[in-house]
Student: 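Below you'll find the structure I mean.
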Amino acid sequence: MGRIGLTTERLVRAGAELADEVGFEHVTPSALARRFDVKVASLYSHVRGSRDLKARIALLALEELAGRAASALAGRAGKDALTALADVYRDYAREHPGRYDASRFRLTAEEAAASAGRRHSEMMRAVLRGYDLAVPDQTHAVRLLGSVIHGYVSLELAGGFSHSTPDSQESWSWTLDALDTLLRTRAAR
């Protein structure tokens with residue numbers, strides 16, 4: 001029986017908060033046990049270890065992101081949908097940097113199949129349907145958008161754009177305009 005008050009959900013949420021505070025790479029059962037002022041062994045009736053804890057935080061982050069993205073995309077198409085989706089990822093990363101890192105944690109095939117990851121892929125493809133891309137090109141476009149969005153957000157979070165002009169927001173808008181132009185041009189081919 002686990003310690004009274006400790007639940008898997010409570011531990012995962014506390015782990016996600018810890019990730020936002022100190023970085024996802026620093027989340028361990030030991031660090032979480034310190035937060036609850038319990039022995040590490042008290043956690044093992046709720047999580048199997050560090051990898052399990054991190055996978056559960058990743059699943060939480062993917063679910064939170066999918067919920068935000070679904071709300072942001074409702075009723076949008078084309079560039080409006082592309083911008084809304086990209087902004088969700090960027091805003092989430094700024095608000096929850098540790099959880100954002102967690103959302104990229106390598107899950108097992110079983111974990112991935114049960115995760116909100118599939119919803120992310122479906123939403124990305126829904127955005128791309130607004131560009132009328134052929135099915136093979138959709139896969140390339142999903143990878144392109146994921147790479148650009150993640151790359152930009154990661155560089156921005158690391159301070160890569162904080163010492164030059166123009167402002168990062170201006171470059172973000174320029175980047176999304178360029179992606180929109182590329183996708184429209186590619187669809188016309």
Side-chain angles (χ1 to χ4, degrees), residues 7-20 24 27 52-157 168-169 171-184 186-187:
T7 64
T8 303
E9 181 180 347
R10 188 168 177 219
L11 290 172
V12 171
R13 289 212 172 271
E17 291 168 10
L18 185 62
D20 289 337
F24 182 61
V27 175
D52 182 45
L53 174 62
K54 287 186 173 194
R56 289 173 186 268
I57 295 168
L59 294 170
L60 172 68
L62 287 168
E63 190 63 42
E64 288 175 345
L65 262 169
R68 286 184 181 199
S71 294
L73 287 174
R76 297 177 192 253
K79 183 179 181 224
D80 193 31
L82 172 64
T83 299
L85 184 64
D87 284 346
V88 163
Y89 284 97
R90 184 177 183 221
D91 292 345
Y92 187 81
R94 290 166 143 183
E95 292 171 36
H96 301 291
R99 292 179 209 206
Y100 180 75
D101 282 348
S103 72
R104 293 173 290 118
F105 183 73
R106 183 181 290 265
L107 299 171
T108 66
E110 296 80 23
E111 290 165 337
S115 78
R118 181 176 299 276
R119 286 177 58 204
H120 288 273
S121 177
E122 290 167 359
M123 285 185 278
M124 186 74 76
R125 288 186 185 276
V127 167
L128 293 171
R129 276 194 295 276
Y131 290 96
D132 200 28
L133 292 169
V135 173
D137 284 345
Q138 285 181 15
T139 300
H140 300 310
V142 165
R143 292 173 180 168
L144 170 70
L145 293 178
S147 298
V148 170
I149 292 167
H150 169 67
Y152 192 98
V153 167
S154 295
L155 289 169
E156 184 178 45
L157 286 176
S168 183
Q169 180 59 44
S171 293
W172 178 249
S173 296
W174 187 92
T175 299
L176 296 179
D177 285 344
L179 284 171
D180 174 64
T181 300
L182 173 68
L183 292 170
R184 281 187 289 108
R186 188 70 189 186

Student: Give, for atom CG of Leu65 and atom CD of Glu63, the distance between the pair rounded to the nearest 0.5 Å.
Tutor: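 Answer for the CG-CD pair, Leu65 versus Glu63, is 10.0 Å.
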
Student: Begin with the C-alpha distance, continue with both residues' side-chain angles, and end with the deciding distance and a verdict on side chain to side chain contact (heavy atoms under 4.5 Å, CB included) for Glu95 and Arg68.
Tutor: CA-CA 13 Å; Glu95 292 171 36; Arg68 286 184 181 199; 2.9 Å; yes

Student: State whether the side chain of Ser121 and the backbone N or O of Gly117 hold a donor-acceptor pair below 3.5 Å, judged by distance alone.
Tutor: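 Checking the backbone N and O of Gly117 against the side chain of Ser121, no donor-acceptor pair under 3.5 Å is found.
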
Student: Is any side-chain heavy atom of Ile57 closer than 4.5 Å to a side-chain heavy atom of Leu18?
Tutor: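 In short, these two side chains do not touch, never coming nearer than 4.5 Å.
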
Student: Taking C-beta and beyond as the side chain, do Leu59 and Val12 meet within less than 4.5 Å on heavy atoms?
Tutor: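 Sidechains of Val12 and Leu59: no contact.
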
Student: Any Lys/Arg nitrogen of Glu9 or Arg13 sitting under 4.0 Å from an Asp/Glu carboxylate oxygen of the other?
Tutor: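 Looking at Glu9 and Arg13, the cut-off is met.
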
Student: Does the side chain of Trp172 come within less than 4.5 Å of Asp87's, by heavy atoms?
Tutor: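 Of all side-chain heavy-atom pairs linking Trp172 with Asp87, at least one is under 4.5 Å.
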
Student: Would you find a donor on one side and an acceptor on the other, under 3.5 Å apart, between the side chain of Ser115 and the backbone of Ala112?
Tutor: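 A pair under 3.5 Å: yes.
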
Student: Please examine the side chains of Gln138 and Met124, heavy atoms only from C-beta on, and report whether any two atoms are closer than 4.5 Å.
Tutor: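 Counting from C-beta outward, Met124 and Gln138 never come under 4.5 Å.
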
Student: Dump the intermediate steps for side chain to side chain contact (heavy atoms under 4.5 Å, CB included) on Leu179 and Leu176, then the final yes or no.
Tutor: CA-CA 5 Å; Leu179 284 171; Leu176 296 179; 4.2 Å; yes

Student: Side chains of Leu85 and Leu145: does their closest heavy-atom pair fall under 4.5 Å?
Tutor: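 No, too far: nothing below the 4.5 Å cut-off.
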
Student: What distance separates Leu144 CG from Thr139 OG1, expressed to the nearest 0.5 Å?
Tutor: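 It comes to 12.5 Å.
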
Student: Quick one: are Asp180 and Thr83 in side-chain contact, heavy atoms under 4.5 Å?
Tutor: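 When only atoms from C-beta onward are counted, Thr83 and Asp180 do not touch, as no gap falls below 4.5 Å.
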
Student: Going by the side chain to side chain donor-acceptor pair (under 3.5 Å) test, which pairs reach into residues 146-156, not counting sequence neighbours?
Tutor: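 The answer is Arg90-Glu156, Arg94-Glu156, Tyr100-His150, Arg104-His150, His150-Ser154, Tyr152-Ser168, Glu156-Ser168.
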
Student: If you define the side chain from C-beta out and look only at heavy atoms, does anything of Val127 sit under 4.5 Å from Met123?
Tutor: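 A side-chain contact under 4.5 Å is absent here.
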
Student: Which pair of non-hydrogen atoms, one from Gly15 and one from Val27, has the smallest distance, and what is that distance?
Tutor: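 Scanning both residues completely, I find the closest heavy atoms to be O-CG2, 3.7 Å.
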
Student: Quick one, Arg76 and Leu82 - any side-chain contact, counting heavy atoms below 4.5 Å?
Tutor: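 They are not in side-chain contact.
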
Student: What closest approach, in Å, do Leu183 and Ala141 show between heavy atoms, and which atom pair accounts for it?
Tutor: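 For Leu183 and Ala141, the tightest heavy-atom pair comes out as CD2-CB, 3.9 Å.
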
Student: With under 30° as parallel and over 60° as perpendicular, where do the rings of Tyr89 and His120 fit, or are they tilted in between?
Tutor: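 Tilted.
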
Student: Which heavy atom of Arg119 sits nearest to which heavy atom of Gly67, and what is that distance?
Tutor: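 Closest approach of Arg119 to Gly67: NH2-N, 3.9 Å.
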
Student: Would the distance check show the side chain of Asp137 and the main-chain N or O of Ala187 forming a donor-acceptor pair, the cut-off being under 3.5 Å?
Tutor: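 It does not hold such a pair.
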
